[in-house]
Amino acid sequence: MNTYLSVWKLRFVSGLQYRTAAIAGMATQLFFGFIFIMVYVAFYAHSTAEPSMSLEQLASYIWLQQIFLAFVMLWFRDNEIFTLITSGNIAYELCRPCGIYSFWYAKLLAQRLSSAILRCIPILLVALLLPKPYNLSFPPSGTTFALFAVTLLLGLAVNIAISMFIYISVFWTMSPVGSTLVIAVLGEFLAGMIIPVPLMPNWMQAVTYALPFRWTADFPFRVYSGQIPQSEAVWGILIQFIWLAALILLGRWCLKRALRQIVIQGG
């Protein structure tokens, strides 16, 4: 455990050094937040159908996406891991006196946390100070906020477990491009990052509920706004734990099979 904690600390401190990238990311995320909300404001103004979530809830949903983008984006990638696999330097990883899966998981967790810390507070302050209906609303109660915090952290853990499959797949494909595109693009759509899940057709919502992606973003963001009741949120937390355990077990099994088949410099 001390090994993984040390790796986490080193990568976390290293990630905090990229302040210029964080500033550029904040500007981009604020821009896209405004654009998405303006699109939905126009959509709601001209829609005759009863919306499945209010404009206030939707604005909070969009801003939470931008504030915690480092937590929920699947296209967040560690090129160092890709290079280790494709160059054959994975041999050095195999010499470490620790498990590769846990080692990489700790690194990815630290990267996402450091990136989120650098960006989230400025975007949060701007979103809270905006006029309605463009602002981020406060959660209905303190209990709701506590449930949101738990679901957000569990969503982060599930998201990293999903992203591990991108790295594991490179052992077979030897190219990170295809895996990233397929898993990240499809996964983010099903997580509600493109279209919020409540605004999807019923049949598509059924698909998202059967897969783990929505538990990384859609579920915690709707808990925050109160659209998902507290009793349902508690059951959702249990489902997040189940998905997390299943994905980690499957990921470890896939990595173990991949490591059995690797060939490094002909040996």
Would you say the side chain of Ser163 lies within less than 4.5 Å of the side chain of Arg112, judging by non-hydrogen atoms? yes
Treating Ile, Leu, Val, Met, Phe, Trp and Tyr as nodes and any side-chain heavy-atom pair under 4.5 angstrom as an edge, say whether Ile162 and Leu249 lie in one connected cluster. no
With a 4.5 Å limit on heavy-atom distance, are the side chains of Met193 and Leu69 in contact? yes
Plane angle bin for Tyr44 and Tyr40 - parallel if under 30°, tilted between 30 and 60°, otherwise perpendicular: perpendicular
Partner residues of Phe34 under the side-chain contact (heavy atoms from CB on, under 4.5 Å) criterion, sequence neighbours left out: Met38, Trp63, Leu130
Identify whether NZ of Lys or CZ of Arg in Arg222 sits under 6.0 Å from the centre of the six-membered ring of Tyr61 and within 45° of that ring's axis. no
Evaluate the side chain to side chain contact (heavy atoms under 4.5 Å, CB included) criterion for residues Leu108 and Met164: first the C-alpha distance (whole Å), next the side-chain angles of each, then the deciding distance (0.1 Å), finally the verdict. CA-CA 9 Å; Leu108 295 173; Met164 284 292 293; 3.7 Å; yes
Assess whether side chain to side chain contact (heavy atoms under 4.5 Å, CB included) is satisfied between Phe189 and Val185, documenting all intermediate values. CA-CA 6 Å; Phe189 179 81; Val185 173; 5.9 Å; no
Does atom CD (Gln230) have a neighbourhood of more than 12 heavy atoms from anything else shown, all under 6.0 Å? yes
Atom CH2 of Trp235: over 12 foreign heavy atoms under 6.0 Å: no
Sidechain-backbone polar pair: Gln205 side chain, Met200 backbone, donor-acceptor under 3.5 Å: yes
Is the shortest side-chain heavy-atom distance between Phe221 and Leu152 below 4.5 Å? yes
Could you state whether Ile121 and Val126 fall into the same hydrophobic cluster, counting links through intermediate Ile, Leu, Val, Met, Phe, Trp or Tyr residues with side-chain heavy atoms under 4.5 angstrom apart? no
Going through the checks in order, is the side chain to side chain contact (heavy atoms under 4.5 Å, CB included) test met by Ile239 and Phe219? CA-CA 11 Å; Ile239 296 174; Phe219 176 65; over 6 Å; no
Hydrophobic cluster of Leu84, others only, ordered by chain and residue number, side-chain cut-off 4.5 Å: none
Hydrophobic cluster membership, with links at side-chain heavy-atom distances under 4.5 Å among I/L/V/M/F/W/Y: are Ile242 and Phe165 in one? no
Quick one: sort the Phe71 and Phe68 rings into parallel, tilted or perpendicular, breaks at 30° and 60°. tilted
Do the side chains of Tyr224 and Leu136 get nearer than 4.5 Å, heavy atoms only? yes
Determine, step by step, whether Leu156 and Leu113 satisfy the side chain to side chain contact (heavy atoms under 4.5 Å, CB included) criterion, reporting the C-alpha distance in whole Å, the side-chain angles of both residues, the deciding distance to 0.1 Å, and the verdict. CA-CA 9 Å; Leu156 168 63; Leu113 285 172; 4.0 Å; yes
Any side-chain heavy-atom pair of Arg252 and Tyr105 under 4.5 Å: no
Same cluster or not: Leu125 versus Leu64, using hydrophobic residues (I, L, V, M, F, W, Y) connected whenever any side-chain heavy atoms lie under 4.5 Å apart? no
Could you state whether Leu238 and Ile228 fall into the same hydrophobic cluster, counting links through intermediate Ile, Leu, Val, Met, Phe, Trp or Tyr residues with side-chain heavy atoms under 4.5 angstrom apart? no
When rounded to the nearest 0.5 angstrom, what distance separates CD1 in Ile67 from CD1 in Ile123? 7.0 Å
Taking the side chain as everything from C-beta on, heavy atoms only, tell me whether Phe32 gets closer than 4.5 Å to Ile62. no
Give a yes or no on whether Leu128 atom CG has more than 12 heavy-atom contacts from other residues, nucleotides or ligands under 6.0 Å away. yes
Quick one, Asn159 and Leu74 - any side-chain contact, counting heavy atoms below 4.5 Å? yes
Does the side chain of Tyr209 come within less than 4.5 Å of Val197's, by heavy atoms? yes
